[in-house]
Each structure stands twice: as structure tokens, then as C-alpha cells.
Amino acid sequence: MVITLPDGSERTFSAGVTGLAIATSIGKKLAQDALGVTVDGKLCDLDAPITRNAAISIVTFDSPAGKEIFWHSSSHLMAQAIEELFPGAKFGAGPAIEQGFYYDISYPERFKEEDLRSIEAKMLEISARDITITREEMPRLQAVDYFRNTRQDPYKVEILEETLKDVETVSVYHQDGFADLCSGPHLPATGKVKAVLLTNVSSSYWRGDSSRESMQRIYGISFPSDKLLKEHVNRMEEARRRDHRKLGSELGLFMLTPEVGSGLPIWLPKGAIVRNELETFLKAEQRKRGYVPVYTPHIGNIELYKRSGHYPYYSDSQFPPLTYKDETGREEQYLLKPMNCPHHHLIYSSSLRSYRDLPIRLSEFGTVYRHEQSGELNGLVRARGFTQDDSHIYCRPDQLVDEICNAIDLTRFVFNTLGFDDVETRLSLHDPANQAKYGGTAEVWEQAEKDVREAADRMGIKYFVGIGEASFYGPKIDFIVRDAIGRKWQLGTVQVDYVMPERFDLNYIGCDGQKHRPVVIHRAPFGSMERFIGVLIEHTAGNFPLWLAPVQAIVLPIAEDVHEYAQEVRQALFAAGIRTDIDLRSEKIGKKIREAELSKIPCMLVIGKNEQEAGEVSLRRHRKGDEGRIGVNDLIAKLREEIDQRS
RNA sequence: GCUGAUGUAGCUCAGUCGGUAGAGCACUUCCUUGGUAAGGAAGAGGUCAUCGGUUCAAAUCCGAUCAUCAGCUCCA
């Protein structure tokens, strides 16, 4: 039997050889590190016999597949520890996740912080026992009996009787007295897990259904060595330092206060500069690309949102309507604007449109208010009041794919300028099994999804498909980035809409003299200014590029005798439009530099007698250090160039 | 909204058994006039999230509310 290794070399083994045996034949170290094996691309247990010629690859902790096996087994290890410490605990789902694992547990007592520590200790103890983990294939009905009567775990029985009801044979993994229904693969033995950290306990609903019972979910992460765990803990601490909520108040960018209301961010002067720069940047770019600006009010008659269909779909997540009664008793209801689209549609239909006028691209930084659930609020990235860089493009069907491509291009331009290179793109399509969630006919959806796919393909975007992620009026392309602790946030979006033109009876006169329906594209490259800047803060750790920095330069005179010259330098930079502060305190230069560094000011201009005599400054860059002396005019030219290039 | 945790000076945090509030940094003033990440001294700063209860006495114990954090659910 011939086994092909990842480097292309071939080796002969007798039939039934295991991954472990192959690893051992290659090297001792590999055999030690081996967690699983892929056989012709399929991930398998290390002790599974290989019965035919195959290409195999030994999986270690270094690979994503290795981590998944490791963490999945760790969740079983945790379950076993909990079962030994807390008899009667019932187990729901316990998968590996991107950063570790969790297990959902039903147990009458609340797990406390101390419990997590004792579970960790028990896990390490079970690891030290180095129990062999074995797989058993079992007919499904036998498994039902086993989990109902032997294991007495109703959740596993439910999975067997519902999710797996059409499956003949299932697999069960055993380690000592503990057993779990699981498709695997798993580690060969518990001893591989050398370091474990249980991070928190929170609640979850059984099967993610808020009408079902609440379970306790314990999150953890584990590693094959203490060293790797320490590195992970350090990374987490670094992430906390980058948290935009922390940096936002340290750097004076924004604030949140219950005196205004939760989820309603206030932009402080420094944060307002960042936001304003971004808005100016996008406005200029949109002007080049044929967008025209509009402004619309912050509230609108509720009938508008009933007509658009937003109100019934989203009434839960809106602030309650304002009711106004005039002296005749006539009542009107207004809604705090939850989205900008209906207003823009009215602008479109305010005059007769010819096919020659299209596409029409209406744009607005529109502030909207949504009553997000309290538990969902999160600094700037999830707020109740936020501003969308919203635009609606009205075009003819034959222009649609081009216009989607243009919108994708603009979004990519924005992301590239701001240095977001790790962006995932999701093609968000509707869920055919849940038709009630959507407006519009099946034909319209089919066309819309075909169009976005075509545009995405033409733009060469690497995307993944998200079924059920579409909005109620159409499919979309979403640009998703991660925050400092790895959580994903949707920023930019491009959405196709055949539904609103119907609801608002939008039309244009075609070359045949007849009325036709335009198509609408909703798009927002930043998405929400708040969320975008929140993620940008974490992405840059508050070290904004020069063009965005709230304070671009600070003049640091060494002693009082050069204060006058220092003021002149500051004025010169100011006159060139460079945001420049000056530190005139009677502190030593070391302290002034330290504080400027901590404030993350990109350029420090150190000035003493030497600089004054030569008409120069000493330029020190944030996190880079002294760059030497430069004439004031040269400095201004250099900084202006960097700012204008947005480099 | 749900489950759990947390809330003390502008910030980071101490505060024992219930006995009336503490540090460092920041801030203000004074001294110091300096060369690339913390010069010195003094001063000021708190209705211990809010409201209610227990108690001779509450930052501390109990309850409610608000807010924040983690996760779940949701996301136009």
C-alpha cells in the first residue's frame, strides 16, 4: 500500500497502518506532536487504520485543523472534569471555536470563578492520567438508548432524535467513564493537553433558541505547552490595551454617559477631527465619482416607514414613535429616523426622471437611531445613535452590475487607504427556507442575487456566501473586519434592492417614452462612522496616520529662552493647516517627550538654542525617535506632502 | 431583552470583623531653565453609581434601579 506524504514522496506500508505509525516512521518529534491525520484531505483520528493508497498529512497544533482537534478534545476533557466534580451535570454542545472551545452545561448551581479554577485543576489531573481516547461506531438507535439510559443526557438524545434522525450510524468517543456523541476526530489521549485556561462562564440558549432553556456556557482555551498559553495571555493583554473604549477615553476621542443615554456617543474635539477628516476624504472621493449630496431630517412621519416596510420588520429595534396632537385632535406619529433610504427615495421621485439622468447617486452622512438591545451595546462599534455614510444609487437595470462594481471599487479604495488589508467579504443571500422574512418576489430575488454575484466575480473579490444574511429587501456584499480581540464587525456594505422601487413607485421615462422601474443600490463604504472609527482605533492602536491624527505635531521648547521662537514655529505650521500644539510648561524635555509619545502625537518638534539660531527644528517621530534637524519650511513641505498623500 | 460579573478621586486601584476615606499618576501653585520616554516641594480633589432597608453606626450587610463588562439572542 502506497502512502503519499505532503512533500510528494511515497512510502510503502502494510494495509491498516495508522497515522501515528506513519508519523513515527518519519520522526520521533513528529510522532509526539501529531494530533490527527488527513487522509486524502479528510481529517481522521491518529489511530484510524488506513486501508488503501492515500495522500496523507500529519496534523499538528500549528495548523488550524490541529487546533480544532485539540480544542474540541479539550472541551470533552472539560466536560469529563465537570462530570467528576459536579455529578448530574448534563451536556449540550461543546465545539472548538476560533480561539479555544466551550461547552454548554445544564446544572442547577451557578458555576463561579472558583469553580473554573477547580475545573482547570481537574482537567490537568485528567490530562496527567493520559487516558486513551477511543472511537466507537454505534447504530443510531443504540446510541439513543445509551445516552438515554446509561449516560442519562437528554440533550444528546434530542440531537440523535432530531438533527441526526436520518443517520444510520453515529460515533461515540470514550475516555474513561466519560463518553460523548461526536463525529470527531479527537486526540489520541488526554495527555496532550498540558495547559488550560477557562476564561469565562456565561449563558446561552439550548440550540441558540431563546424560547428554550438557558444553559451555562464555559469558555476556555488550551495548549500543548505552558509557553504557548503564556503567549496567548500576553496577546489578550495587548488586545485589551487596544480596546477602542479604553483608548477613546485616554486619547479624548469620544465619551459615553448615562446622562445623555446609553449607546449615544458624544464626539470630543479630538475624535471629531478624526471623523471630520474621514468624512472630508470620502466626500471628495464621491464628488469625483458622480455622487451628489443631500440632507434629510432626523425624524420622519411613521407612514413613511410603514410604506418602506421597515417599520413592521424592525419595530422592536426602534425608539418608540413620538406622538404629536394638534388643537383639532388630529394625531401624527413621527419616528426617530432609523435609516435614510425612504427620504432619499422621496428625493428621487420629487421630479420626473429620464433614462438619460440615470444613474442618480444621492449621498448623505445620515445620522440614524436604532434601539439596540441593551446587552448588545459596545462603545462605538454598537451604538444606538450613529451616522451612516449612506448613499442610494438609482439606475437602469442595464447599469446595475457596473454600478455595483463602482461601489465595490470605492469601498476597496477606502479600505486600502486606511490600511485594512485583512478584510473578509461576504455575499449575503436570502434563506429560501424562511421566505416570510423577505419582501419582493422570487424572480426578483433570483435576478438580484445573480447580479451581485456577477459583480463580485467581475471585481475579482474572494468572498464566502452567507445564507440568510441578506436584508429583507435584497442581497448584499458585506465587508467584515476584526476588532482587537478577534470579534468580527461588518463595516462597508453594498446592497441591491428591487423592492423599494416598487413600494415607492419609483420610475423613469425610457427611450421608448414609457415608464420603467429603476433599481436601487444602497451602499456605505464606512458603514457607520462610529463603528468604523471604533475598529480603526483598535486597528491602529490609536496611532493614527498623520492625516487623521487629532494633533499632528507638538512643539517642545527645551527652555523658556526659546519660547518666542517656538511660538513662531507653531504659527507657521498652523498657517500651513497642520494641527500643531505647543508645550510651554516648565518641565524637562524628557518629560515633554514622554507625554507626547503617550498621547501618540506623530511629530514632536524639539526646539533649543541651536535650532533657533539655524531657523530649524529637531524632528522626532512617534515610536520612531529622533530624525535630526530640518529647516521649518522644509518641514512644512514634508508634512504637507505626507498629509495630502494620506500616507 | 436573557445569564453572570462589576461600579470607591479625572485615570489605575487599596480599603481587615460594619466604627465615618487611602496610594500612585493626572491637576493647581511655587521652586527648578533643562537636549530626546517621568526634576523637586506644597496644595486641592470623594453624597464610596442612585434610591430604599437593616443597624447605635453602612463604601462594607440586604433589596430595587441605572450603567458598564463577557457571552447568548438580534442587527435595515
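No hydrogens, no waters, no symmetry mates; every other heavy atom, side chains included, goes into these values. All figures in this text were calculated on a predicted structure; none of them were measured in a lab.
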Is there a donor and acceptor pair closer than 3.5 Å between the side chain of [X] and the base of [N]?
X	N	answer
A:Y103	B:G71	no
A:S202	B:U3	no
A:S204	B:U3	no
A:R531	B:C75	no
A:T257	B:A67	no
A:E611	B:G35	yes

With a 4.0 Å cutoff (strictly under), does any side-chain N or O of [X] reach OP1 or OP2 of [N]?
X	N	value
A:K591	B:A26	yes
A:S586	B:U33	no
A:N340	B:A76	no

Flag as yes if A:Y314 stacks onto the base of B:A76 (centroids under 5.5 Å, planes under 30°), otherwise no. yes
Suppose you measure atom P in B:A44 against the same atom in B:A59; what distance do you get, rounded to whole Å? 23 Å
Atom pair CG/CZ of A:L536 and A:R531 - distance to nearest 0.5 Å: 14.5 Å
Whole angstrom value for the distance that separates [atom2] of [N] from [atom1] of [X]:
X	N	atom1	atom2	value
A:I218	B:G4	CD1	P	14 Å
A:E250	B:U12	CD	C1'	10 Å
A:I589	B:A37	CD1	P	10 Å

Which listed nucleotide ([options]) is nearest to the side chain of [X]?
X	options	result
A:S618	B:A37, B:G35, B:A76	B:G35
A:R245	B:A70, B:A26, B:C75	B:A70
A:Q495	B:U36, B:G1, B:A76	B:A76
A:I558	B:A76, B:G34, B:C27	B:G34
A:A559	B:G34, B:A67, B:A70	B:G34
A:M339	B:U3, B:A76, B:U36	B:A76

Regarding [X], tell me which of base, sugar-phosphate or nothing describes its non-hydrogen contacts under 4.0 Å with the strands shown.
X	value
A:N610	base
A:L256	nothing
A:G590	sugar-phosphate
A:Y219	sugar-phosphate
A:R217	sugar-phosphate
A:S203	base
A:K588	base

Judged by each residue's nearest nucleotide on RNA chain B, which is more toward the 5′ side, A:D626 or A:K246? A:K246
Angle between ring planes, A:F472 versus A:Y314, binned at 30° and 60°: parallel, tilted or perpendicular? tilted
